[in-house]
Participant: 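This is the structure I have questions about; it appears just below.
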Number of protein chains: 2
Amino acid sequence: MYKAMITVRLKPSVLDPQGTAVKGSLHSLGYAEVEGVRIGKTMELWLNTTDEAEAGKRVDAMCQQLLANPVIEDYEYRLEKEA
Amino acid sequence: MYKAMITVRLKPSVLDPQGTAVKGSLHSLGYAEVEGVRIGKTMELWLNTTDEAEAGKRVDAMCQQLLANPVIEDYEYRLEKEA
């Protein structure tokens with residue numbers, strides 16, 4: 001069993017209106033030191049497999065196909081063996 | 001300048017219908033090895049401050065007040081010094 005921890009972020013060149021809204025809210029609450037906010041997704045997947053290399057390839061394919069939008073998002077993942 | 005990387009996840013006891021939906025989609029695409037999916041948020045904040053201890057306290061307060069819902073979500077963060 002492997003656990004994949006995937007992070008999906010908007011590419012730096014893509015505007016993040018959600019992040020801008022959160023920054024505005026933080027300013028309203030008095031957190032004036034916040035200069036920028038970018039929001040992304042994190043996904044944990046539990047994979048019933050014993051081959052780490054194969055698991056990596058499959059997770060990469062899942063990101064390309066469903067979990068991220070490669071046109072506007074970057075993704076990264078790491079695998080951890082679980083008992 | 002510090003960068004805070006915050007991860008917000010649903011508590012393990014809280015159902016994650018979005019994760020369940022993604023798991024179903026992955027199964028439909030042929031990724032039968034996926035046994036579970038949990039989805040969370042990741043936030044990057046750039047803070048105009050020079051005091052790391054103070055920055056940590058402020059980020060913790062932001063999470064409590066706005067960025068996470070402590071009733072159903074756990075959060076963690078780490079700080080990184082930026083040039």
Side-chain angles (χ1 to χ4, degrees), chain A residues 1-12 16 18-52 54-68 73-77 79 82, chain B residues 1-12 16 18-52 54-68 73-77 79 82:
Chain A
M1 179 79 92
Y2 279 91
K3 181 179 170 189
M5 274 151 299
I6 304 167
T7 304
V8 179
R9 291 187 186 86
L10 285 170
K11 291 188 181 188
D16 180 359
Q18 196 189 358
T20 306
V22 168
K23 186 176 83 166
S25 299
L26 287 170
H27 283 184
S28 305
L29 290 169
Y31 299 105
E33 73 269 39
V34 179
E35 296 216 328
V37 179
R38 302 281 290 177
I39 295 183
K41 280 172 288 184
T42 176
M43 285 170 260
E44 297 170 302
L45 268 64
W46 287 265
L47 306 167
N48 186 9
T49 176
T50 51
D51 180 341
E52 180 163 355
E54 180 64 20
K57 271 187 227 162
R58 300 276 287 177
V59 169
D60 200 75
M62 291 179 212
C63 288
Q64 289 281 343
Q65 228 182 318
L66 182 75
L67 304 179
E73 292 172 327
D74 290 323
Y75 61 87
E76 58 185 34
Y77 60 86
L79 291 167
E82 293 219 326
Chain B
M1 177 82 89
Y2 278 92
K3 180 177 169 192
M5 276 152 298
I6 303 168
T7 304
V8 179
R9 291 189 187 87
L10 285 171
K11 292 190 179 186
D16 180 0
Q18 196 189 357
T20 306
V22 168
K23 186 177 82 166
S25 299
L26 288 169
H27 283 184
S28 305
L29 291 169
Y31 301 105
E33 73 270 37
V34 179
E35 296 216 328
V37 179
R38 302 280 290 178
I39 296 182
K41 281 172 288 183
T42 175
M43 285 169 259
E44 297 169 302
L45 267 66
W46 287 266
L47 307 167
N48 186 9
T49 175
T50 49
D51 180 341
E52 180 163 353
E54 180 64 20
K57 270 186 228 163
R58 299 276 288 177
V59 169
D60 200 75
M62 291 179 214
C63 288
Q64 289 281 344
Q65 229 183 317
L66 181 77
L67 304 178
E73 291 172 327
D74 290 323
Y75 62 86
E76 57 185 35
Y77 60 86
L79 291 168
E82 293 219 326

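We name chains A, B, ... by the order of the sequence lines, and we start the count at 1 in each one. Just so you know, these numbers use all the heavy atoms, side chains as well, and skip hydrogens, waters and symmetry mates.
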Participant: Hey, which of A/Val22, A/Val8, A/Leu47, A/Ile6 has the most heavy atom pairs under 4.5 Å with chain B?
Facilitator: A/Leu47
Participant: Between B/Thr7, B/Leu29, B/Thr49, which residue shows the highest count of heavy-atom pairs closer than 4.5 Å to chain A?
Facilitator: B/Leu29
Participant: Taking heavy atoms only and a threshold strictly under 4.5 Å, list by residue number the residues of residues 33-40 of chain B that touch chain A; give 'none' if the list is empty.
Facilitator: B/Glu33, B/Val34, B/Glu35, B/Gly36, B/Val37, B/Arg38, B/Ile39, B/Gly40
Participant: At a 4.5 Å cut-off on heavy atoms, which part of B/Ala55 comes close to chain A: side chain, backbone, both, or neither?
Facilitator: neither
Participant: I'd like to know which of A/Met43, A/Met62, A/Lys41 tops the heavy-atom pair count under 4.5 Å against chain B.
Facilitator: A/Met62
Participant: Test of understanding: with side chain to side chain donor-acceptor pair (under 3.5 Å), list the residues that count as partners of A/Lys3, not counting sequence neighbours.
Facilitator: A/Glu44
Participant: Is the number of heavy atoms from other residues, nucleotides or ligands under 6.0 Å of B/Lys11 NZ greater than 12?
Facilitator: yes
Participant: Report the residues that fulfil side chain to side chain donor-acceptor pair (under 3.5 Å) with A/Asp60, sequence neighbours left out, ordered by chain and then residue number.
Facilitator: A/Tyr75
Participant: Just grab all the side-chain hydrogen bond (donor to acceptor under 3.5 Å, both in side chains) pairs involving residues 18-31 of chain B, residues at least two apart or on different chains.
Facilitator: A/Gln65-B/Tyr31
Participant: Which value, rounded to the nearest 0.5 Å, describes the distance between B/Arg58 atom CZ and A/Leu26 atom CG?
Facilitator: 10.0 Å
